[in-house]
Amino acid sequence: MIVQEIENLRKDFPMLQKKMRGQPLVYFDNAATTLRPLAVTEALVRYYTEQTGTVHRALYEFAELATDAQHKTRQKLQEWIGAKSEKEIIFTSGTTASLNLLASSFGEAFIKEGDEIIISEIEHHSNFVPWQMLCNKKKAHLKIAPVLDSTELDLNALESLLNERTKLVSITHISNAFGTENPLEEIIRIIRRRSDAKIAIDGAQSVAHMKINVQKLDIDFYAFSAHKMYGPTGVGVLYGKEALLNDMPPYQGGGDMIDEVTLDYSTYNELPFKFEAGTPNIAGILGLGAAIDYLNKVGLDIIWAKEQELLAYAETRLNEIKNITLLGQAPQKGAILAFVIKGAHPLDIATLLDLRGIALRSGHLCVQPGLKRFNQTSVLRISFSFYNTFNEIDFFIQSLKEIIDSLY
Ligand SMILES: *Cc1c(COP(=O)(O)O)cnc(C)c1O
């Protein structure tokens, strides 16, 4: 697919035709949430207007359709991440919910007083706080693997933290703050060599941008959100190896997750339903199915290549700005750039960019410890999707220059 063809895809995204503050929208906040192609919202509307029915509870036609459609999405997801079985795909409400499910249930099954869990210094709060809470509850120890000045994980330091007490290592694939891509193959090799720890990967920033194969990489758990992969909000996935999930207790009790309920005890449903209590976000799940179809149509190779070009161009152009510091100089990166400008508060700059129709993220990015490592409490972040353009970057740089001139 050539550049022109990719830019033609912009017409699939109604939000890209919108104006913000009277200016054409320049959407550079794709790491927070991507926009959705019409095919995804059409799937949502179709569910609510033409084929409403619930899953697993009834035999009428529309209930069967919903059950079938949910099943199809699960199969698409299994294929998307290379899972062995669709039983390993658990629907949640998002990455945060997936990681909380994991911390609670894995913690219940496998974490005892004195055990150790390792995360990295630059994790999203969603991959930080649940482990902190679990370790407090279980009197276990949370070890923090440091990063180098480039924001890359310090692999030697990681290796030295591993021992027979390490029960789990949970790290991000791509940092939502700095874009750093962790070398999973190498990291997993080190962990397997030094310990029996299970490995959880936060895939929120990678799943829609690069090919992942959980079996080839030998990942134990992988978490992600639909809304960062062109799907609806309120849906996410936890992948887990079947044998591990079988050894973990349910997270929540309720409908669908049971086999038999008596006055004294209950037995639980098989995977994946054991972890899916209550009516799921059926419309959202169907929307996620449509998002995967769309991504398959565009192709991950093309998506990655285009986003890397945008990243390289934006990096070059940002270096023209005086007094700028780019945070995160890892050689392997997703299309995410965080930066600060000396003497100008990120929130002021974000407010003035908003007036020009430019949407970007400002603040702590849900990575307070990671920012602190680089002596920051608040930064600016731009993050790209394949539908962004070089012209948008030019307009953004021009605007940034004018805003900085007006502030000094
Ligand atoms: C967005 C994000 C999360 C949290 O995802 P939610 O959809 O808000 O639950 C976790 N980790 C990373 C790396 C993220 O980018």
Side-chain angles (χ1 to χ4, degrees), residues 27-36 40 77 81 90-104 119-133 144-145 147 151-153 168-182 184 187 199-210 212 219 221-239 251 275 280-281 284-285 287-288 291 307 311 327-328 330 332-338 359-371 373 379 381-385:
Y27 189 74
F28 282 174
D29 199 17
N30 294 286
T33 194
T34 55
L35 303 177
R36 275 140 279 279
V40 168
L77 286 160
I81 64 168
I90 297 161
F91 287 118
T92 67
S93 66
T95 309
T96 305
S98 298
L99 291 167
N100 276 279
L101 185 169
L102 181 63
S104 171
I119 59 173
S120 92
E121 201 173 10
I122 56 168
E123 295 306 316
H124 189 284
H125 295 162
S126 293
N127 196 28
F128 218 115
V129 184
W131 304 117
Q132 248 173 3
M133 290 163 67
I144 312 293
V147 296
T151 69
E152 288 168 279
L153 191 59
L168 183 91
V169 180
S170 189
I171 53 164
T172 195
H173 192 178
I174 291 180
S175 158
N176 68 300
F178 309 115
T180 324
E181 181 193 336
N182 277 320
L184 291 188
I187 289 170
I199 299 169
I201 302 297
D202 177 348
Q205 295 297 344
S206 57
V207 71
H209 304 276
M210 60 197 294
I212 177 99
I219 292 170
F221 301 101
Y222 186 75
F224 56 96
S225 299
H227 74 98
K228 294 185 181 184
M229 57 187 301
Y230 308 97
T233 54
V235 186
V237 171
L238 176 66
Y239 156 81
Y251 175 48
F275 290 107
N281 182 348
I285 290 168
L288 173 55
E307 290 172 357
L311 174 68
L327 300 158
Q332 289 285 106
K333 286 186 56 164
I336 293 172
L337 273 169
L360 85 174
R361 180 76 194 271
S362 51
H364 61 55
L365 315 180
C366 300
V367 187
Q368 288 181 16
L371 291 199
R373 162 69 175 79
V379 301
R381 179 189 70 188
I382 52 175
S383 52
F384 301 123
S385 158

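Whatever order the structure lists them in is the order used to number ligands and atoms, beginning at 1. Values below: all heavy atoms of this structure, side chains included; hydrogens, waters and symmetry mates excluded.
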Side chains of Gln205 and His173: do they bring a donor and an acceptor to under 3.5 Å?
no
Using side-chain hydrogen bond (donor to acceptor under 3.5 Å, both in side chains) as the criterion, list what pairs up with [X], not counting sequence neighbours.
X	result
Ser175	none
Arg381	Asp29
Asn182	none

Can you tell if the side chain of His124 reaches within under 4.5 Å of the side chain of Thr172, non-hydrogen atoms only?
no
Below 3.5 Å only, please: the N or O atoms of ligand 1 paired with protein N or O atoms, distance on each line.
| residue | atom | partner | partner atom | Å |
| --- | --- | --- | --- | --- |
| ligand 1 | 7 (O) | Ser225 | OG | 2.7 |
| ligand 1 | 7 (O) | His227 | NE2 | 2.7 |
| ligand 1 | 9 (O) | Thr95 | N | 3.4 |
| ligand 1 | 9 (O) | Thr96 | N | 2.9 |
| ligand 1 | 9 (O) | Thr96 | OG1 | 2.5 |
| ligand 1 | 11 (N) | Asp202 | OD1 | 3.3 |
| ligand 1 | 11 (N) | Asp202 | OD2 | 2.5 |
| ligand 1 | 15 (O) | Gln205 | NE2 | 2.6 |
| ligand 1 | 15 (O) | Lys228 | NZ | 2.7 |

Non-hydrogen atoms of Leu311 and Ala335 that approach each other most closely
CD1-CA, 4.0 Å
